[in-house]
Amino acid sequence: MTIQQVKSVLEKSAPVMLQENYDNAGLLTGNPAWECTGVIVALDAIEAVIQEAIDNNCNLVVAHHPIIFSELKKLTGKNYVERTIIRAIKNDIAIYAIHTNLDNVLWGVNGKIADKFGLVNRQVLQPKNNLLKKLVVFVPVTHAEKLKEAIFSAGAGQIGNYSECSFNSAGQGTFKGGQGTNPFIGKPGERFTADEIKVEVIYFDWLEQPILKAMQLAHPYEEIAYDIIAIENQHQQLGSGLIGDLPKPISETECLGLIKQQFNLSGIRHTAFTGKMVQRIAVCGGAGSFLIGSAIAAGAQIYITADIKYHEFFDADGNLLIADIGHYESEQFTIDLLIDILKENFTTFAVLKTGIKTNPVQYFL
Ligand SMILES: [Zn+2]
């Protein structure tokens with residue numbers, strides 16, 4: 001098994017194209033062609049984790065946070081990022097980061113948090129725009145099935161848990177071949193009317209090239225008539241944050257107690273109690289202040305996240321309870337999620353959970 005195969009499995013769960021534009025997810029060091037000798041999974045690929053990989057004969061570190069995040073212009077070892085990269089490169093350790101792309105899938109970082117509360121009716125809190133496009137292609141009736149087969153295989157026609165979705169309408173297409181043409185039916189210089197099917201499918205933007213290629217290979221015409229249309233639909237399972245319901249309402253103090261216990265916390269920073277019962281819960285692992293408004297709009301009674309600043313706590317404004325449970329703490333189960341995906345797909349090498357608590361935040365109690 002190569003590093004590339006591990007990368008492909010992870011990217012099937014959380015396509016790298018789903019990362020935010022400020023992010024740097026993907027393979028950060030190493031060569032995709034290397035044979036994978038073992039994987040260490042961590043939230044942060046810091047120097048100690050690279051050493052742990054070396055000690056355990058694992059040449060791949062899969063981390064949630066990209067160790068190279070901002071511009072890296074020198075590699076002299078003057079800070080922890082440079083030292084980590086130097087140690088990784090010197091020891092042929094690949095570092096792979098799966099960051100906001102894993103935040104942006106409903107079954108990712110936030111799905112794992114939601115599991116801890118048994119949340120039902122789960123939805124993305126802020127669905128993503130501009131991920132979907134539509135292909136409209138005109139194909140002779142005789143080749144419609146073959147063409148659909150090809151574009152479905154390339155990933156077109158996926159809506160939620162449904163695949164091979166298309167709309168098909170019959171009609172007539174006309175064409176007249178000019179000089180030097182060799183029309184599939186009819187003769188050059190004469191207008192021909194062909195029985196055609198108009199096939200409409202939606203697809204993820206990043207699958208456009210393979211889908212168009214599949215369409216071209218399966219279509220019999222020299223010149224293919226097709227339209228690519230940008231659509232405004234939001235994708236309901238892709239985006240930031242998650243909202244869901246507890247099976248039954250509990251009090252605010254019970255809810256904080258439950259969080260404390262499930263996440264093994266020594267304390268929680270939170271806003272004033274609103275006095276409401278809690279059933280609808282919004283979550284966002286890691287820095288989530290940008291979703292306070294969405295959590296309120298979605299009718300959440302509590303918003304569980306991290307990295308809330310002083311003035312942002314005021315934004316709760318009596319509408320809901322904000323619980324800041326700590327960045328590392330909120331994402332701690334992401335490691336298990338990644339381990340589960342890897343173990344399910346690979347049995348030929350070890351997949352280990354880091355033994356290092358990489359949280360840079362300490363609490364003096
Ligand atoms: Zn994070």
Side-chain angles (χ1 to χ4, degrees), residues 10-11 13-28 39-50 61-70 72 79-81 84-85 95-117 124-126 128 238-243 259 262-266 268-269 281-292 294-295 303-309 312 322-342 353-354 356-363:
L10 293 171
E11 287 172 11
S13 300
V16 81
M17 297 300 289
L18 280 179
Q19 69 178 307
E20 299 297 331
N21 52 19
Y22 58 79
D23 201 4
N24 192 34
L27 192 65
L28 303 179
V39 187
I40 295 263
V41 183
L43 280 184
D44 306 281
I46 53 174
E47 202 177 1
V49 174
I50 305 302
V61 172
V62 172
H64 181 45
H65 298 129
I67 181 78
I68 305 175
F69 194 64
S70 44
L72 191 59
N79 60 38
Y80 80 98
V81 174
T84 303
I85 300 305
I95 303 176
Y96 181 81
I98 182 162
H99 190 214
T100 51
N101 45 330
L102 193 59
D103 290 324
N104 283 334
V105 292
L106 195 58
W107 49 91
V109 175
N110 299 315
K112 203 70 192 167
I113 299 173
D115 288 348
K116 296 290 156 187
F117 304 103
V124 164
L125 194 50
Q126 194 181 82
K128 263 190 169 304
L238 302 174
S240 312
L242 179 155
I243 182 134
I259 301 170
Q262 290 288 11
F263 288 79
N264 195 22
L265 308 173
S266 50
I268 299 173
R269 300 198 307 151
I281 297 187
V283 305
C284 177
S289 60
F290 69 108
L291 289 176
I292 295 172
S294 303
Y303 177 37
I304 304 165
T305 187
D307 290 357
I308 300 292
K309 291 182 190 161
E312 293 163 350
I322 295 177
D324 182 334
I325 67 170
H327 193 125
Y328 177 93
E329 289 81 355
S330 72
E331 293 176 341
Q332 59 185 300
F333 303 114
T334 302
I335 298 178
D336 303 321
L337 170 72
L338 292 168
I339 286 179
D340 289 347
I341 296 173
L342 293 170
K353 180 175 182 165
T354 181
I356 297 158
K357 198 174 174 206
T358 59
N359 191 0
V361 182
Q362 305 284 318
Y363 300 91

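All ligand and atom numbering here is 1-based and tracks the order in the structure. Note that the numbering runs from 1 along the sequence shown for the chain.
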Do [X] side-chain atoms and [Y] backbone N/O form a donor-acceptor pair below 3.5 Å?
X: Asp44; Y: Ile46; answer: no
X: Gln332; Y: Phe263; answer: yes
X: Thr305; Y: Gly288; answer: yes

Please collect all salt bridge (Lys or Arg N to Asp or Glu O under 4.0 Å) contacts where either partner lies in residues 326-336, sequence neighbours excluded, each pair once.
Asp336-Lys353

Quiz question: by atom type and distance under 3.5 Å, do the side chains of Asn104 and Glu20 form a donor-acceptor pair?
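Checked: Asn104/Glu20 side chains pair up, N/O donor to acceptor below 3.5 Å.
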
Would you compute the distance between atom CD of Glu47 and atom CD1 of Ile85 and round it to the nearest 0.5 angstrom?
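Going from CD on Glu47 over to CD1 on Ile85, the span is 10.0 Å.
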
Return the number of protein N, O or S atoms with a distance to the Zn ion (ligand 1) smaller than 2.8 Å.
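Total protein N/O/S atoms under 2.8 Å from the Zn ion (ligand 1): 4.
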
